[in-house]
Every structure is written in C-alpha cells, then in structure tokens.
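One structure is given below, encoded as structure tokens.
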Amino acid sequence: MSALLSLSGLNRRFGGLAAVSDFSLALESGIVTALVGPNGAGKTTIFNLVTGNLRADSGQILLHDKPIIGLSPHRIARLGIARSFQDLRLFGHMSVLDNVRAATEPTSWFWQAGGAAARQQRRERVETALERTGLSGLTQARAIDLAYAERKFLSMARIIATGARIWLLDEPASGLDPRSRAQFVDLLRSATAEGVTVCLIEHNLDIVTEVADRIAFLDQGRKLAEGEPADIMQDKALAAIYFGDRT
Amino acid sequence: MIAYLVNLATLTTIFAVLATSLNILIGYGGIFSIAQAVFFGVGAYAAAQVALHVTPDLLVASAAGAGAAALLSICLALPALRVRDEYFVIASLGLQMLAVTVFTEATPITGGFGGLVGIPPASLLGLPLTDPNAMLAACLGFLVLVLVLTRVLMRGSFGRSLMAIRDNDTAAEALGKNVMVLKTLAVMLGCAYAGIGGALYSAQMQFINVESFTLDQSVLIMAMVIIGGTGTLIGPLVGTVLILLLPAALSFIPGIPPTEIGVVQQMIYGLVMTLLMIFRPGGLVTLRTRRQ
C-alpha cells in the first residue's frame, strides 16, 4: 500500500538542539499511527514540520507523492491535513456553532464560492461534526464557557468539519474522564473506518494500545523504533527511556 | 440651542462611523491600530479636494475618501501585518506621527497647518444639504449603510474567519484561513469606513486642518470602541454617544461657576471613564453567554 503522507530524512535544529534528526515515517490510509516518547522527544515539532508551521532544515515531506515543504500552513490545510493542538486553541469568544462553521469555510474572501449547493454541503458537515462529538445541544455556547471535555470534543468537531482525510492529533485524550475517553475512541474508530488517516501524539498508553495500528517511538528527536503496538510496548529498553530510567 | 444639538448629533453620527471603522480592526480582527485618525484625515482631504475641484456630491466625495483611505491602508497592512501584534501597534503609531507631518507639510493637497477652507456645502444626488437637518439625515443614512454592511459581513464567513484569527491565528491558519489576506481585507474595510467618516466630516465642517487628525483623535476613537464594547455592532455607538455627549451634558450641571466648569467637567469625565473600566472592563455592551 502506498503512503498518503510520507516523511523522509527530516531534520530540524533549534540553535544547538537537534529537535528532529533524520526522521522518516509513512502514514497509510485508514491507519492510526501513534508517536510515542518522553517529553522533548520532538513529537510536536514533527507535526509543526508537516503543517508548515516550521520548516525542515532538510528532508522531504510528500503528500500523495507531491512535496509540500515550503507551502504555507493554510495551503497545507487546504490539501486535506487537519491538526489539533495540545492547548486546543479554540476560538474562545465564538460560539460552538461558529467554531465548527469556520472550519468549513477556507476561502479568504468576503464570501464562499459554490453557491447554495456548497452552502448546503457545509451545513451538513457542520451538523455531522456536532452530532459525532455530542455538541449538538451546545451550539450557542461560547467555546470559553465549555467544560474541559467539551472543549476537547469541539477541537475534534472542527477537524471533522474540515473534511480533511489526514488528522494530526496532539494529545487529544489527555485529561478526559473514562466516559469521554470511550467516546473519543469510538469517534476515532468510526473515522478510520471511513478511511481517515490518523497520526496522534498521546501520553496515555492505554489509549495508544487501544486505537493505534502502529507506533513510532521517539527520543531526543530520533526515531528509535517503529512497529505494532504489542511489540513496542513489550520492549523494556524503550519502556525505560519512556519512564525516565536510562541507567 | 436646536442648531447646537443638531450639530452635536451630526458630529456624533460621524464619529459613530469612525468608531465602527476601528471596531472592524480591533473588535473583529484583533488588530490594534492607533492610526485611525490618519485614514479619517486621508478621507477628509480626498473628499475635500473632490468637493473643491470636481463635485460637492457627498456620494462621490465619500467614494473618493473611502478609496483613498483603503488604498493607503494597504501600505500599512502589507508590511505591518507580518509582524506580531505589539509591533503592529508601534508601526501604526509610527504611521500616525508620519502622517501628521505629511498633513502639515503637503500644503498643495492639505493646505498645510492652515488647512483647507471654503469647502462647498455638500449635496446628495443633486439635492443640496445646506440645511443642518438634511446633513444630519444624510450622515445618519451613511451610518445605517455602514452598520448594515458590517452586520452582513460579520455574520457571514468573512466575519467568522476574521474573529477566528482574532481568537487564535495559528488555529485559524490550520483550518485553511489565509491570515494575511483576511487581515489586509479587514484593514482595508475598516479604513474605507474611516475615509467615509472623513468625507462626512469635511462636508459638515466645510473646513479641515491637521488638528483633527492627530494622535489624540486616534486615542479618542479607540476609547469610543473600548468603552462601548469591542466586537459588537452597538458597543462602539454607545461609546461614541457617551464620550461625545457626556462632556456636553456636564456643561449643564447647575450651581457650578462658569469659570470652574471646565475643571469639574474634566474631573467627572475622568472619574466616569475610570469607574467604567474597573466595573465593565469588557465595555458597556458585551456579548452574552448562552448555554443551552
């Protein structure tokens, strides 16, 4: 199977610090890949390189076999790569409905193209996103007034509404209660069943084991291992690095 | 007395257009500019030149004022919007200082420090606006047009995108928003409104000079928006009415000797503003929170 998104030989330094070193990864359609590693391993930096928020010093990123390095973040988003942020970055003073609507309207002009048919399509995407995330009853609430779990799901609703086929999720389940976590897992499974490709950063290893098809283990900007969750989880050397025991 | 009130109402209407113009930038776009008086001035000078040399028609003069201000705003937006928020404030301050010098020195266009005098009374589609009531009605008409356009745009996808950028530009960009283009359009729109305000002002005063377009004026317009409530349609109107009418109303306080009225006015005015910012930091008109 050919990769939808392929990262090869990526390097990125911040002064004397090598945040990402010779990193390669292939994301395949409908597959959930988890980036796992201790804090400072370079996981979020990799997301920032893919989305154009940071530029790689060297290496290549191919989307459908076409290079995307050097494109601005909004162009990369319009190519079908959506991301969430650790700190959510919701549009706090806007309603839940407007947060999700905004995700369906990428055109930077006074109006959106496509007329009534496109408008109807956008409306349906908004409704679907709100239903799947359980936010249909909170459309008029402002994002800053939501409970923590609701904010997390609003972040997911925005991603669903974009219609993107590649999701980069940065700690999407952190801080969720067990019920919300189960809802999140269901949401992810239904998305991948429809062919959405997911790459997620997650510290909760239970979630990783539950949803990930593959794991890439990183430390200090380098990929140390990649494989099936069962294999990675049983590696005692990786566990020692993850839990800070490097002796 | 009636003439005074009509004049005050007309000026309040013009400043309501200006406050609405800055609200596009600050309230909806999160772009803090302290150069709005520059675009007010550019609009006023452009409209005055049209009235003096082409036609006194207010529609033509307003179009010229709006166009000139929008064009100049691109010069500010394109370089300045690339920098972070606080640097934009400084860039706009720089523009404000520069513009006052240009307004003072470009005598053939602005009349220099003496200003432009003898601006002919305005007309609208052939109807003279020499009667103060007619001028007030025309200004109200322009204000309504500006408010309706603002409401339509801000309730649509453009407004949503702009507010998304205001709340978090990185997240907005991650959803496909071209932040530079949207901010530039917002600056152009807000400055075009300010140009319309300038055109109305030159038609009303029939005399303009640089003193109306200084940093003090920019700060006054910003105060109208912030005290009234940013990001709402009504807030800047309330702020304008309060800031322009409060000093006038304080003049009528009984028992104060005429020689002291200025001092008392300043003290009460300052106190009211301070109390407002302590107890209503979001402005007088704030967005309601609705949770179903």
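Chain naming here is simple, since letters A, B, ... match the order of the sequence lines and numbering starts at 1 in each. Side chains are part of it too, since the values below use all heavy atoms of this structure and drop only hydrogens, waters and symmetry mates.
Within the 4.5 angstrom heavy-atom criterion, no atom of A:Thr51 approaches chain B. For chain B, the nearby part of A:Phe85 is the side chain; its heavy atoms alone come within less than 4.5 Å.
Within a 6.0 Å sphere centred on CZ of A:Phe14, other residues, nucleotides and ligands contribute more than 12 heavy atoms. The neighbour count for A:Arg89 CZ, taken as heavy atoms of other residues, nucleotides or ligands under 6.0 Å away, is above 12.
Considering all non-hydrogen atoms of both residues, B:Ala164 and A:Met94 come closest at N-SD, 3.5 Å.
Contacts from residues 175-188 of chain B to chain A, taken as heavy-atom pairs separated by less than 4.5 Å, involve B:Leu175, B:Gly176, B:Lys177, B:Asn178, B:Val181, B:Leu182, B:Leu185 in sequence order. Chain A is approached within less than 4.5 Å, heavy atom to heavy atom, by B:Leu153, B:Ser157, B:Phe158, B:Arg160, B:Ser161, B:Met163 from residues 149-163 of chain B, ordered by number. Contact residues of residues 17-41 of chain B toward chain A are absent (heavy-atom distance under 4.5 Å).
Contacts of A:Asp57 classified as side chain to side chain donor-acceptor pair (under 3.5 Å), with partners at least two apart in sequence or in another chain: none.
Contact count versus chain B (heavy atoms, under 4.5 Å) is highest, among A:Ala103, A:Gly52, A:Ala143, for A:Ala103.
Rounded to the nearest 0.5 angstrom, A:Phe91 CZ and B:Ile165 CD1 are separated by 8.5 Å. Here CD of B:Glu173 is found 6.5 Å from CG of A:Asn53. Values are rounded to the nearest 0.5 Å.
Distance alone, capped at 3.5 Å, places no donor-acceptor pair between the B:Asn168 side chain and the A:Leu90 backbone.
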